[in-house]
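Working notes, beginning with the structure itself.
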Amino acid sequence: MILGLDPHLFWLAFAVTGFAGFVKGAIGFAMPMIMMSAFGSFLPPTTALALLIMPTLVTNLVQALRQGTGPAIDSTRKFGWHIAMVVIFIIVSAGFASSIPQSWMYFLLGAPITLFALWQLAGRSLRLPVHHLRRFEIVSGIIGGLYGGVSGIWGPPLIVMLLSTDTPKEEQIRVQGVVFLIGAVTLVIAHLASGVLSGPNLWASLAMVVPAMIGMRAGFMVQDRLNVAQFRRWTQGLLALSGLNLVRRAIELGLI
């Protein structure tokens, strides 16, 4: 056993985390979605959730501060309502991580995200009117927080909001890092209290930081070479694949 896991499961989780770190470094998101969907194929749900928590925390810290603390603080202020809702509703929902039907949780997140991403990939615009931004910021934060507490995935609603407002590439990546970091800190605290992140699960989660950072550093080199149009297309494509994978997981778990 390695940190409570069979050796082949540990090294499989190690490889998945490295790939997820690479994608996060290149595009700025999708790490928890990749890890949770892959881990769910060979680990119990609470173990899968625990293993993604510490890599998510560390990689988001690096991403949020890549341009320095000043820009990170500015982004925190600019998207304060979304951040507040994510924090509040992660805390609210974390206690239900072991009791909410996983199939419906995956489907209700994956289906609308997939439709949105495919709509944008088809060249359709979904730009939000300025007077609706605050409302959408709050609603997307609530949705992200509710899903974050039970699954460790709170990014897709934020990505939808940033794509819908044509946020510039550098700011989008920084905002993702800031929001994901604050959510990750909340998730750590919530699941230290819930017991999900304890004992061998905690040490295994810390071990996953290593492949996550190796992958992320490689991903940064790709990110720096993408222009704005390429970045948006990669983001939209990955968002669509992430949504489809969540739907697939819902079906696997017996939704239909």
Side-chain angles (χ1 to χ4, degrees), residues 20-21 23-33 53-91 113 116 120 126-149 152-190 212-213 216-217 219-220 222-224 226-232 234-236 238-239 242:
V23 173
K24 182 169 180 59
I27 304 297
F29 76 103
M31 184 175 180
M33 287 185 288
I53 291 176
M54 296 311 296
T56 299
L57 175 68
V58 174
T59 54
N60 283 319
L61 177 63
V62 173
Q63 182 174 326
L65 299 179
R66 197 179 183 205
Q67 285 91 37
T69 56
I73 291 171
D74 290 341
S75 294
T76 303
R77 290 173 179 160
K78 184 174 181 179
F79 293 90
W81 279 102
H82 182 94
I83 292 169
M85 294 303 103
V86 168
V87 170
I88 291 169
F89 284 91
I90 281 179
I91 294 171
I113 292 301
F116 169 82
Q120 289 226 323
L126 193 62
R127 184 169 175 79
L128 293 172
V130 174
H131 60 281
H132 287 163
L133 293 183
R134 176 60 55 82
R135 188 183 310 166
F136 189 40
E137 189 180 344
I138 292 172
V139 171
S140 62
I142 291 172
I143 294 171
L146 287 172
Y147 279 98
I153 299 169
W154 62 92
L158 172 65
I159 308 304
V160 169
M161 181 179 71
L162 294 174
L163 287 173
S164 299
T165 54
D166 288 334
T167 304
K169 170 188 166 184
E170 187 174 279
E171 184 177 18
Q172 180 172 327
I173 293 172
R174 183 174 62 251
V175 169
Q176 288 168 192
V178 169
V179 175
F180 297 166
L181 173 62
I182 293 172
V185 170
T186 308
L187 195 67
V188 169
I189 294 170
M213 287 304 305
M216 188 177 196
R217 292 296 180 185
F220 278 159
V222 174
Q223 180 201 124
D224 292 340
L226 293 175
N227 61 37
V228 174
Q230 291 171 325
F231 176 76
R232 285 184 65 83
W234 276 96
T235 300
Q236 292 160 354
L238 187 56
L239 192 61
S242 299

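In what follows, residues are counted from 1 in the order of the sequence shown.
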More than 12 non-hydrogen atoms from neighbouring residues, nucleotides or ligands closer than 6.0 Å to CD on E170, yes or no? no

Which side-chain N or O atoms in residues 80-88 pair as donor and acceptor under 3.5 Å with protein atoms at least two apart or in another chain?
unit_1 : atom_1 : unit_2 : atom_2 : d
H82    : ND1    : E137   : O      : 3.3
H82    : ND1    : S140   : OG     : 2.9
H82    : ND1    : G141   : N      : 3.3

Using atom types as modelled and distance alone, determine if a side-chain donor or acceptor of [X] lies under 3.5 Å from a backbone N or O of [Y].
{"X": "T186", "Y": "I182", "value": "yes"}
{"X": "Q176", "Y": "I159", "value": "no"}
{"X": "K169", "Y": "Q230", "value": "no"}
{"X": "Q63", "Y": "G28", "value": "yes"}

Among residues at least two apart in sequence or on other chains, which ones pass side-chain hydrogen bond (donor to acceptor under 3.5 Å, both in side chains) with [X]?
{"X": "R217", "result": "none"}
{"X": "S75", "result": "R174"}
{"X": "E171", "result": "K78"}

Looking only at the side chains, is there a donor atom on one of N60 and K24 sitting less than 3.5 Å from an acceptor on the other? yes

I'd like to check [X] versus [Y] (side-chain heavy atoms, cut-off strictly below 4.5 Å). Are they in contact?
{"X": "F29", "Y": "L162", "answer": "no"}
{"X": "I173", "Y": "F231", "answer": "yes"}
{"X": "I27", "Y": "L226", "answer": "yes"}
{"X": "V178", "Y": "F79", "answer": "no"}
{"X": "V160", "Y": "F136", "answer": "yes"}
{"X": "V23", "Y": "L238", "answer": "yes"}

Once you round to the nearest 0.5 Å, how far does [atom1] of [X] lie from [atom2] of [Y]?
{"X": "L187", "Y": "I90", "atom1": "CG", "atom2": "CD1", "result": "5.5 Å"}
{"X": "L158", "Y": "F180", "atom1": "CG", "atom2": "CZ", "result": "5.0 Å"}
{"X": "L181", "Y": "L65", "atom1": "CG", "atom2": "CG", "result": "7.0 Å"}

Residue pairs fulfilling salt bridge (charged side-chain N to carboxylate O under 4.0 Å, His left out) with at least one residue in residues 79-91, sequence neighbours excluded: none

Would you list the pairs meeting salt bridge (charged side-chain N to carboxylate O under 4.0 Å, His left out) in which at least one residue belongs to residues 64-73, sequence neighbours left out? R66-D224

How far apart are the closest heavy atoms of A64 and A72, and which atoms are they? O-CB, 3.5 Å

Residue pair M31 / T56: nearest heavy atoms and the distance that separates them: CE-N, 4.5 Å

Would you please test V62 and F220 for side-chain contact (heavy atoms from CB on, under 4.5 Å) and show each step? CA-CA 11 Å; V62 173; F220 278 159; 4.0 Å; yes

